[in-house]
Novice: 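Take this structure first; my questions come after.
Here the structure is a predicted model, which is why all the values come from computation and not from measurement. Both backbone and side-chain heavy atoms feed into the values below; hydrogens, waters and symmetry mates do not. Convention: sequence-line order gives letters A, B, ...; per-chain numbering from 1.
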Amino acid sequence: MEKTFEPQSIEQQCYEKWEAAGYFKPTGHGDPYCILLPPPNVTGSLHMGHGFQQTIMDALTRYHRMKGDNTLWQVGTDHAGIATQMVVERRLNAEGKTRHDLGREAFIDKIWEWKEESGGTITRQMRRLGTSTDWDREVFTMDDNLSKAVTEVFVRLHDEGLIYRGKRLVNWDPVLHTAVSDLEVLNEEEAGHMWHMRYPLADGSGELVVATTRPETMLGDTAVAVHPDDERYQAFIGKDIRLPITGRLIPIIADDYVDPEFGTGCVKITPAHDFNDYDMGKRHSLPMINLFTDDAKINNEAPEAYRGLDRFDARKQIVADLDAEGLLVKVVDHKLKVPRGDRTGAVIEPYLTDQWYVAVESLAKPAVEAVESGEIRFIPENWNKTYYQWMNNIQDWCISRQLWWGHRIPAWYDNEGNVFVGRDEAEVRSRYKLEEAVELKQDNDVLDTWFSSALWPFATMGWPEETPELDTFVPSSVLVTGFDIIFFWVARMIMMTKKFTGKIPFKDIYITGLIRDENGDKMSKSKGNVLDPIDLIDGIDLESLVSKRTSGMMQPQLAKKIEKNTRKQFADGINAYGTDALRFTFAAMASTSRDINFDMSRVEGYRNFCNKIWNASRFVLMNTETEDTGRDGGELVLSLADQWIWAQFQKTLKEFESALADYRFDIAAQTVYEFTWNQFCDWYLELTKPVLNSDASTDAEKRGTRHTLINVLEQLLRLLHPLMPFITDTIWQRVAPLSDAGVKEGETSIMIQSFPEVKAERENDKVLADIEWLKRFIIGIRNIRGEMDISPNKPLNAILRNVSEQDQERLDLAAPFIDKLAKLESITTLKAGEQAPASATALVGEMEILIPMAGLIDKDAELARIAKAMGKAEQDVARANGKLSNEKFVNSAPEAVIAKERSKLEEAETALAKLKEQHATISAL
RNA sequence: GGACGCUUAGCUCAGUUGGGAGAGCAUCGCCCUUACAAGGCGAGGGUCACUGGUUCAAGUCCAGUAGCGUCCACCA
């Protein structure tokens with residue numbers, strides 16, 4: 001094996017082997033375990049969030065596969081209607097064309113081309129991450145099967161009256177020319193103005209002053225409203241206003257909705273362009289005047305002077321005209337929430353159009369109950385509050401989009417505008433008994449992307465056909481996703497899956513945190529702080545990173561700053577850390593917090609961890625490959641250390657599995673890291689050396705230690721595999737043949753081996769305690785060396801005092817280990833009454849280790865060391881004394897706590913006494 | 001306006017039912033010891049945001065304050 005771990009040389013070929021061998025498929029036996037991959041955008045590329053979530057899903061998938069479950073990780077991609085259409089449209093614009101130049105069909109062909117061209121990017125990147133999804137079942141949301149399910153759901157919901165078409169006020173994106181759902185609108189606070197305008201009464205008897213943030217909509221006003229109890233305006237209610245500019249007569253109405261305290265207490269009502277006004281218009285049967293065209297320009301309803309003006313130009317013009325007529329009272333600065341489209345950033349316009357809706361109320365109820373009953377569980381649990389809050393106030397879902405890319409709505413219109421819904425035109429004709437002569441045109445609109453995503457749990461399993469997969473893998477086991485799509489996706493999947501299968505879509509919902517940069521900022525192209533997981537795997541030089549971060553920007557003016565920051569933060573580019581290190585980092589950072597600041601130094605640390613595993617394995621192989629490991633029989637005598645590492649491993653295994661059951665990947669990672677580095681490498685491997693390198697060891701002892709080395713490593717690799725698939729398989733190929741696991745004839749892989757099982761007979765508290773004692777002994781001496789500047793190479797003689805029977809027993813077992821690890825020449829025991837030479841001291845419980853100082857040790861340094869230890873001991877004594885002398889403590893605390901406190905006191909007092917004695921001895925020199 | 005979250009070592013974060021403050025990275029000292037210098041050994045470092053309460057005992061439970069953040073709703 002190479003001396004240093006080089007991930008590049010192993011990862012790709014490893015993956016190809018797995019995929020070719022079909023290891024990612026469900027085995028068909030065992031308990032079903034299924035994870036649905038949240039389908040990434042087909043034309044997207046892998047970002048840190050994907051890397052993070054997919055690491056978690058893959059770890060769970062590999063773990064359950066090794067546990068013997070019938071494991072499916074369902075993979076697929078999403079057509080992502082708006083996002084994809086925009087990308088292709090932008091490319092078209094770059095050529096100086098628009099989608100209208102091409103026409104609908106040609107444009108859609110263009111998107112399919114683009115999909116074929118770039119659609120594999122993300123799945124290729126996923127393979128680099130090691131994702132063990134079943135690629136043979138890969139699904140695209142616009143595949144025929146999925147589209148069939150979409151149509152089926154639409155038709156069935158429509159037949160039940162749960163999908164309807166209606167003219168309503170919707171959120172209109174004037175750039176995209178489409179309706180969007182409430183969720184796709186972001187409300188950001190922005191600085192604006194409030195215009196106070198005079199509205200004269202029709203009878204000339206006075207005026208009202210209305211305040212508005214949108215003066216241009218006054219052209220569509222159909223009333224002015226005041227609060228019914230507002231004394232100022234009692235006399236006005238019922239009278240008419242002559243609306244300036246238009247000259248139309250509009251009534252003054254009273255409505256509770258008006259807040260008398262706000263503005264002037266008079267509100268202009270524009271039912272066609274404001275959601276609240278719309279409701280009020282309905283209540284008061286007001287006319288609705290639509291003022292705008294599709295791209296938010298003034299239409300022909302307005303006086304001629306304004307027609308064709310953009311809404312913001314119209315605003316200026318109207319304000320100027322009112323001012324000229326003396327109707328503008330004042331303009332005040334005002335902060336307001338501006339609705340913007342999440343894709344375009346354009347100001348969203350409430351707009352009166354015909355759209356399709358899902359009546360969600362009846363679907364929401366069972367979906368809420370599924371969580372309330374505990375059938376579906378959010379992890380962390382708190383997210384259920386977010387879910388309830390939204391579900392309990394849920395509004396009908398606008399599902400039609402005036403886009404070209406997506407599932408076309410299965411509705412047809414005749415020339416009279418009658419609507420017919422059916423699975424296809426032929427079915428419509430037979431259903432509604434329409435003759436061939438009747439001309440039918442399909443609805444131009446497509447469905448919201450999330451409509452098809454909502455069907456993911458069952459549509460990917462073959463629905464509406466009755467398939468075995470529907471029985472086996474619905475519900476799936478856990479959904480791993482971010483909180484940002486709880487409403488968009490999670491809630492809707494629950495509703496739709498309950499509705500169409502009667503089952504829940506998944507049992508657990510594990511909500512991950514959001515990956516941010518090291519400063520806690522969201523990673524975004526415009527901030528220039530995006531990291532590509534692949535760059536962390538393969539590495540990237542500075543120049544490439546800079547050009548990657550600054551190319552194709554929406555706001556090119558930011559490029560300079562981004563370049564500067566990038567050059568500063570990554571002066572040497574990014575090292576190649578390999579997939580396993582990156583995955584382990586993701587796992588280690590997956591705590592319960594909702595924001596995860598990605599810290600590059602963690603990756604480096606875990607790359608070092610990979611190297612540690614690599615080198616530990618080299619050591620094990622060096623000592624076993626050409627030696628007898630007892631695989632073919634032969635007596636095995638296990639040393640204290642051998643028994644200990646087995647016992648430690650059982651503990652680690654239990655902790656790991658329990659952490660995984662709680663979705664605490666950080667704890668799981670921490671646990672195996674600690675075991676591997678701090679126990680297996682730092683102690684166990686060192687403890688095997690005295691056995692393996694000593695002529696005093698018997699063959700059976702050496703065989704026992706080699707057997708333990710190779711088999712613990714073999715099991716450790718299996719334990720680590722779910723988190724670090726590549727390095728573990730690579731090493732395992734060399735290790736397994738030497739171990740009891742053996743390798744079956746022909747090719748195999750660690751990923752289809754069983755997960756290690758806890759063996760009760762290997763748990764051993766006595767041995768654990770013995771080795772703890774041994775560690776304290778060795779650390780005591782190392783501490784003396786370290787603080788007294790004694791070379792690690794200098795052999796020392798240790799003298800023991802106050803040796804108990806148990807100490808003596810342990811010493812008999814452990815002496816050879818101690819000699820080697822503490823580099824001792826001799827250990828002698830001071831007999832009763834015998835005088836000790838001047839020495840540096842370490843305590844192991846009540847036993848004292850004395851290192852004679854002659855010629856070695858600096859008196860002052862040793863006095864300082866003892867003083868420090870005394871300080872600690874004094875503190876301990878004081879604290880324990882304080883507690884134990886407190887009557888209330890002794891009376892109320894549980895017996896175990898008190899006993900513990902007593903023994904702590906005793907221990908500290910003993911230590912203090914010995915230290916004092918020692919201090920006196922040294923001082924006297 | 002409503003809901004939720006965060007504040008612990010220089011940095012990034014753990015801290016399970018209340019019972020002696022932890023990790024990684026960074027820092028300091030010593031070591032090229034035949035698995036590993038991407039390493040070994042040793043060490044230093046915290047008023048657990050603040051105030052009060054409950055309790056024998058609070059980082060942990062309760063109330064409040066400050067700061068930061070997210071989501072939902074929204075007054076023209």
Novice: Could I get a table of every N or O pair under 3.5 Å where one atom is in the protein and the other is in nucleotides 40-47 of chain B?
Specialist:
from, atom 1, to, atom 2, distance (Å)
rG40(B), OP1, Lys612(A), NZ, 2.9
rG40(B), OP1, Trp677(A), NE1, 2.6
rG42(B), O3', Asn783(A), ND2, 3.4
rA43(B), OP1, Asn783(A), ND2, 3.1

Novice: Under the rule for side-chain contact (heavy atoms from CB on, under 4.5 Å), what residues qualify as partners of Glu772(A), not counting sequence neighbours?
Specialist: Lys775(A)
Novice: Can you give me the dot-bracket string for RNA chain B, 5' to 3', counting Watson-Crick and G-U wobble pairs with both distances under 3.5 Å, using [ ] for crossing pairs and | for partners on another strand?
Specialist: ((((((((.[[[[.)...(..]]]].(((((.......))))).....[[[[[..)....]]]]])))))))....
Novice: Taking atom P in both rG52(B) and rG10(B), compute the distance separating them and give it to the nearest angstrom.
Specialist: 24 Å
Novice: Are any protein N/O atoms closer than 3.5 Å to N/O atoms in nucleotides 55-59 of chain B? If there are, list each pair with its distance.
Specialist:
from, atom 1, to, atom 2, distance (Å)
rC56(B), O2', Asn886(A), ND2, 3.1

Novice: How would you list all residue pairs meeting side-chain hydrogen bond (donor to acceptor under 3.5 Å, both in side chains) that involve residues 251-260 of chain A, not counting sequence neighbours?
Specialist: Asp255(A)-Arg283(A), Asp255(A)-His284(A), Tyr257(A)-Asn276(A)
Novice: Got a list of side-chain donor-acceptor pairs under 3.5 Å for residues 904-911 of chain A, not counting sequence neighbours?
Specialist:
from, atom 1, to, atom 2, distance (Å)
Lys904(A), NZ, Glu901(A), OE1, 3.2
Thr910(A), OG1, Glu906(A), O, 2.7

Novice: N/O contacts under 3.5 Å, protein versus nucleotides 66-73 of chain B?
Specialist:
from, atom 1, to, atom 2, distance (Å)
rA73(B), N6, Lys337(A), NZ, 2.8

Novice: Check side-chain hydrogen bond (donor to acceptor under 3.5 Å, both in side chains) between Asp333(A) and all other residues, then give those that pass, not counting sequence neighbours.
Specialist: His193(A)
Novice: Under the ring-ring contact (aromatic ring centres under 6.0 Å, His included) definition, can you give me all pairs with a residue in residues 583-602 of chain A, not counting sequence neighbours?
Specialist: Phe52(A)-Phe586(A), Phe584(A)-Tyr606(A), Phe584(A)-Phe609(A), Phe586(A)-Phe598(A)
Novice: Sequence neighbours excluded, which residues qualify as side-chain contact (heavy atoms from CB on, under 4.5 Å) partners of Leu336(A)?
Specialist: Thr213(A), His334(A), Val338(A)
Novice: When you compare rC61(B) with rU54(B), how far apart are their C1' atoms, in angstrom units rounded to a whole number?
Specialist: 8 Å
Novice: Which residues pass the side-chain contact (heavy atoms from CB on, under 4.5 Å) test with Pro251(A), not counting sequence neighbours?
Specialist: Ala223(A), Asp240(A), Ile253(A), Leu286(A)
Novice: Tell me, please, which residues at least two apart from Arg232(A) pass side-chain contact (heavy atoms from CB on, under 4.5 Å).
Specialist: Asp230(A), Pro260(A)
